[in-house]
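Okay, structure first, notes after.
Both counts, for ligands and for their atoms, begin at 1 and track the order of listing. Bear in mind that the values here come from a model prediction, so they are computed numbers and not experimental data.
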Amino acid sequence: MLGHPLGEGLWLRLLERHHAESLFALTDRNRDHLRPWLPWVDRVRDVVDSLAFIEEGLMRFARGSGYELGIWREGALIGVIGVHGIDRANASTSIGYWLDAGHQGRGIMTRAVTAVLDDLFLDRGLHRVEIRVAPENHRSRAIPERLGFRMEGVLREAERHSDRWGDLVVYAILDREWKAARRAIR
Ligand SMILES: CC(C)(COP(=O)(O)OP(=O)(O)OC[C@H]1O[C@@H](n2cnc3c(N)ncnc32)[C@H](O)[C@@H]1OP(=O)(O)O)[C@@H](O)C(=O)NCCC(=O)NCCS
């Protein structure tokens, strides 16, 4: 996962400290696009906030309890996909993602999530992976639905936004389901 090709000039690469400027610039350009779904966006006010996020991801990576990857296209950072924290006892985790507004609609995040699920299930031997999504976030909900996740329920008012509480739909996929889905794709 230090550098993983997704095809067509796209790469996943661990976010490192020297990427902080690029990450902050990407976040800053995409505030209006991200704000409805990602309440942390307005807490990122300066490059040091992006640096702190990267450092926290690197600590998770060093501990083997997750990571934050940049999605790169021809050398430019265009998005982020992260593994939030691996629960070793239960071999489970959750993932989150976002993409530059101008790069949506080309299947890029579906490809990135596929690569991360391969890493989590095939390389790290996890049992269960969750994705939590706002009910109204149809673009994002389409990703777990396309990849064979099952919807398990709704967490009521589980996410705090500046002006409201938001529900979250929980999707999950198990290792045997992912392996069967991969065999079906091949
Ligand atoms: C949610 C988000 C990551 C989706 O990114 P994306 O790359 O556009 O998503 P996908 O990979 O699913 O792309 C699917 C689209 O590409 C098209 N596509 C083109 N080639 C494709 C391929 N090979 N495989 C899959 N889809 C493909 C699909 O038809 C679909 O288009 P549509 O949305 O018009 O129906 C992005 O919209 C985003 O960052 N949103 C804001 C932040 C956010 O909501 N994050 C998630 C919080 S839970």
Inset, instruction - Could you tell me whether I143 approaches ligand 1 through its side chain, its backbone, both or neither, with non-hydrogen atoms closer than 4.0 Å? - result: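 Just the side chain.
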
Inset, instruction - For ligand 1, note which part of N137 has a heavy atom under 4.0 Å away: side chain, backbone, both or neither. - result: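 Contact part for N137 vs ligand 1: side chain (C-beta onward).
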
Any protein heavy atom lying closer than 4.0 Å to [atom]?
atom                    : answer
atom 5 (O) of ligand 1  : yes
atom 26 (N) of ligand 1 : yes
atom 16 (O) of ligand 1 : yes

Legend entry - Side-chain heavy atoms of T93 within contact of D87, under 4.5 Å: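 No, side chains not in contact.
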
What side-chain donor-acceptor pairs closer than 3.5 Å can you find for residues 147-158, not counting sequence neighbours?
residue	atom	partner	partner atom	Å
E152	OE1	R128	NH1	3.3
E152	OE1	R128	NH2	2.8
E152	OE2	R128	NH1	3.1

Legend entry - Geometric class of the F61/Y67 ring pair [parallel <30°, tilted 30-60°, perpendicular >60°]: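 Because their plane-to-plane angle is over 60°, the rings of Y67 and F61 count as perpendicular.
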
Inset, instruction - Would you confirm whether the ring centroid of W72 sits within less than 6.0 angstrom of the ring centroid of H19? - result: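 Between H19 and W72, the centre distance is under 6.0 Å.
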
Inset, instruction - May I ask you to decide whether E8 forms a salt bridge with R111, counting only side-chain N to carboxylate O separations under 4.0 Å? - result: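 Looking at E8 and R111, the cut-off is met.
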
Legend entry - Proximal ligand 1 atoms for W98, defined as those under 4.0 Å from one of its heavy atoms: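 Numbered from 1, ligand 1 contributes 39 (O), 42 (C).
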
Legend entry - Numbering as shown, the atoms of ligand 1 that approach R132 to under 4.0 Å (heavy-atom distance):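 By the 4.0 Å cutoff, the relevant atoms are 48 (S).
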
Test of proximity, [X] against ligand 1: N or O pairs below 3.5 Å:
X    : answer
Y97  : yes
S140 : no
L34  : no
W37  : no
V133 : no
L99  : yes
H103 : no

Heavy-atom nearest neighbour in the protein, as seen from [atom], with distance rounded to 0.1 Å:
atom                    : answer
atom 29 (O) of ligand 1 : G105 O, 5.0 Å
atom 20 (N) of ligand 1 : R106 O, 3.4 Å
atom 33 (O) of ligand 1 : R139 NH1, 3.4 Å
atom 24 (N) of ligand 1 : G107 CA, 3.9 Å
atom 7 (O) of ligand 1  : M109 N, 3.0 Å
atom 41 (C) of ligand 1 : H33 CE1, 3.5 Å

Legend entry - Candidate with minimal heavy-atom separation from atom 14 (C) of ligand 1, of R141, R111, R146, Q104: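 Looking at heavy atoms only, the winner is R146.
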
Legend entry - Heavy-atom nearest neighbour of atom 11 (O) of ligand 1 within options N30, T110, I131, D100: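 The option holding the nearest heavy atom is T110.
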
Inset, instruction - Determine, using heavy atoms of A142 and all atoms of ligand 1, whether some pair is separated by less than 4.0 Å. - result: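 No heavy atom of A142 comes that close to ligand 1.
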
Without hydrogens or angle criteria, can the side chains of [X] and [Y] be said to hold a donor-acceptor pair below 3.5 Å?
X    : Y    : answer
R141 : Y171 : yes
E159 : H161 : yes
D118 : W178 : yes
H127 : S92  : no

Legend entry - For A172 against E130, the heavy-atom pair lying closest together: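 Between these two residues, the closest heavy atoms are CB-CG, 4.1 Å.
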
Legend entry - Set of side chain to side chain contact (heavy atoms under 4.5 Å, CB included) partners for V48, sequence neighbours left out: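 With sequence neighbours excluded, V48 shows a side chain to side chain contact (heavy atoms under 4.5 Å, CB included) to D46, given in chain and number order.
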
Inset, instruction - Enter the distance from W11:CH2 to L77:CG here, rounded to the nearest 0.5 Å. - result: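 Separation between the atoms: 15.5 Å.
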
Legend entry - Nearest-0.5 Å distance, CG of residue L122 to NZ of residue K179: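 One finds 6.5 Å between CG of L122 and NZ of K179.
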
Inset, instruction - Is it possible for you to say whether L23 and W40 belong to one hydrophobic cluster, with membership spreading through side-chain heavy-atom contacts below 4.5 Å? - result: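 They do share one cluster, since a chain of ILVMFWY contacts under 4.5 Å joins L23 to W40.
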
